[in-house]
Amino acid sequence: MPSDAHPDKSEKILILGGTREAAELARQLVGQGLDVTTSLAGRTKEPAPVEGKLRMGGFGGAEGLAAYLKAEGFTRVIDATHPFARNISANAVKACDIAALPLDIRTRAPWQKQPGDLWTEVASLEDAANALPQNARVLLALGRQYLDAFLSRTDCHFVIRMVDPPESPLAFTSHEILAAKPSSDPNEEAALFRSHAITHLVARNSGGHGAYAKIIAARKMGMPVVMVGR
Ligand SMILES: NC(=O)c1ccc[n+]([C@@H]2O[C@H](COP(=O)([O-])OP(=O)(O)OC[C@H]3O[C@@H](n4cnc5c(N)ncnc54)[C@H](OP(=O)(O)O)[C@@H]3O)[C@@H](O)[C@H]2O)c1
């Protein structure tokens, strides 16, 4: 990485983004006068603005990404994607190998269980659904593409928090949608748990600070968390 003291102004950097950390990195590097392009998959309808250049959409696999890197003359790639976005991270490794470019991996480390955390750690969404007790009232802090595994739990009530509301109705027996971003304040998260009489939280172990407030809130309230690992 170029250092703050001596940024290499000839660098042309592609950040594989879609996270707060990626946006922060773009801001820092643009501030150093570097040529920075952030790439987003294009899943979010109204992505937060990023500094520098922006491109959207898939590349067409590792080969497509390698061809793009060469055609655009990039000198470095930074993988700052979400830790659960595995395909793009694997593609970045292959593409940088093909294009003979350096790759900086800046994906987040997972959260570690702390004293007071009541986590049931599971390896899949299906295991998470099975880990819920009967008649639980569950906050699902998961994206749209991760919900179907919970449809089988017709005994539970699901409060589903999503950034963009779903385009078609969800097939849960009992659910409500909260179209909202997670709060970074544990007290606000705790207030939300109380106002919806939540008994269990289901979360993926994403790491980082942005989504950690709900984990702190659950710890303070002694609320069980079903934590889906990577
Ligand atoms: N997975 C999550 O939980 C999560 C949470 C928050 C944010 N995000 C962000 O959302 C994006 C998509 O996540 P995902 O889990 O669907 O990823 P994924 O399964 O790893 O990627 C699926 C395909 O989407 C395209 N893609 C993914 N990230 C891209 C990027 N930054 N720029 C251009 N194309 C990208 C690639 O298509 P091609 O093969 O055609 O290049 C990739 O093969 C990522 O950028 C990630 O940082 C993901």
Side-chain angles (χ1 to χ4, degrees), residues 12-27 29 36-72 74 76-99 101 103-111 122-126 128 139-150 160-164 166-167 179-184 201-215 226-230:
K12 182 168 175 176
I13 298 174
L14 179 69
I15 299 177
L16 298 168
T19 58
R20 296 182 199 205
E21 290 86 347
E24 173 55 20
L25 191 58
R27 195 186 65 73
L29 297 179
V36 177
T37 301
T38 296
S39 173
L40 302 179
R43 304 262 197 284
T44 307
K45 274 192 198 145
E46 288 179 28
V50 292
E51 292 196 33
K53 298 171 203 160
L54 180 66
R55 69 156 302 284
M56 305 265 273
F59 298 97
E63 289 73 18
L65 175 54
Y68 170 79
L69 293 171
K70 284 186 201 159
E72 298 291 325
F74 284 99
R76 180 178 297 274
V77 179
I78 302 175
D79 178 4
T81 57
H82 191 275
F84 278 87
R86 296 208 188 101
N87 292 330
I88 189 69
S89 292
N91 288 352
V93 171
K94 272 192 220 156
C96 287
D97 194 36
I98 297 169
L101 289 182
L103 171 66
D104 291 331
I105 297 173
R106 300 281 199 99
T107 47
R108 301 171 200 153
W111 298 313
V122 296
S124 69
L125 295 163
E126 288 68 26
L139 181 77
L140 288 183
L142 305 168
R144 169 70 191 92
Q145 64 270 45
Y146 307 106
L147 301 177
D148 287 355
F150 297 88
I160 303 169
R161 179 161 64 190
M162 307 165 106
V163 179
D164 295 318
E167 282 171 3
K181 287 187 177 165
S183 169
S184 57
L201 168 67
V202 177
R204 294 181 308 153
N205 193 337
S206 304
H209 300 294
Y212 194 53
K214 62 178 180 278
I215 307 300
V226 180
M227 185 65 83
V228 185
R230 295 181 186 180

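Note that ligands are numbered from 1 as they come in the structure, with each ligand's atoms numbered from 1 the same way. These numbers come from a predicted model, not from an experiment.
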Practice task
Under the side-chain hydrogen bond (donor to acceptor under 3.5 Å, both in side chains) rule, collect the residues that match up with Arg27, sequence neighbours excluded.
Solution key: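 Result, side-chain hydrogen bond (donor to acceptor under 3.5 Å, both in side chains) vs Arg27: Glu24.
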Exercise for the section: Give me the one residue out of Ile15, Ile78, Leu16, Leu25 that meets side-chain contact (heavy atoms from CB on, under 4.5 Å) with Thr38. Expected result: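 With Thr38 as partner, side-chain contact (heavy atoms from CB on, under 4.5 Å) holds for just one option, Ile15.
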Exercise for the section: Please list, chain by chain and in numerical order, all residues satisfying side-chain contact (heavy atoms from CB on, under 4.5 Å) with Ser183, sequence neighbours excluded. Expected result: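 In terms of side-chain contact (heavy atoms from CB on, under 4.5 Å), with neighbours along the sequence ignored, Ser183 is linked to Asp185, Glu188, Glu189.
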Hey, can you pull the donor-acceptor pairs under 3.5 Å for the side chains in residues 52-66, sequence neighbours left out?
from	atom 1	to	atom 2	distance (Å)
Lys53	NZ	Asp35	OD1	2.9
Lys53	NZ	Asp35	OD2	3.3
Arg55	NH1	Ser39	OG	2.7
Arg55	NH1	Gly57	O	2.8
Arg55	NH2	Gly57	O	2.9

Problem - Closest contact, heavy atoms only, Gly17 versus Ala22 - result: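 So the two residues come closest at CA-CB, 3.5 Å.
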Practice task
Taking all non-hydrogen atoms of both residues into account, name the closest pair between Trp111 and Met227 and its distance.
Solution key: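 Heavy atoms only, the tightest pair is CE3-CE, 3.8 Å.
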Practice task
Return the protein residues near ligand 1 (heavy atom under 4.0 Å from any of its atoms), ordered by chain and residue number.
Solution key: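 The answer is Gly17, Gly18, Ser39, Leu40, Ala41, Arg43, Arg55, Gly57, Gly58, Phe59, Gly60, Gly61, Thr81, His82, Phe84, Ala85, Arg86, Asn87, Ile88, Asn91, Tyr146, Arg204, counting any residue whose heavy atom sits under 4.0 Å from ligand 1.
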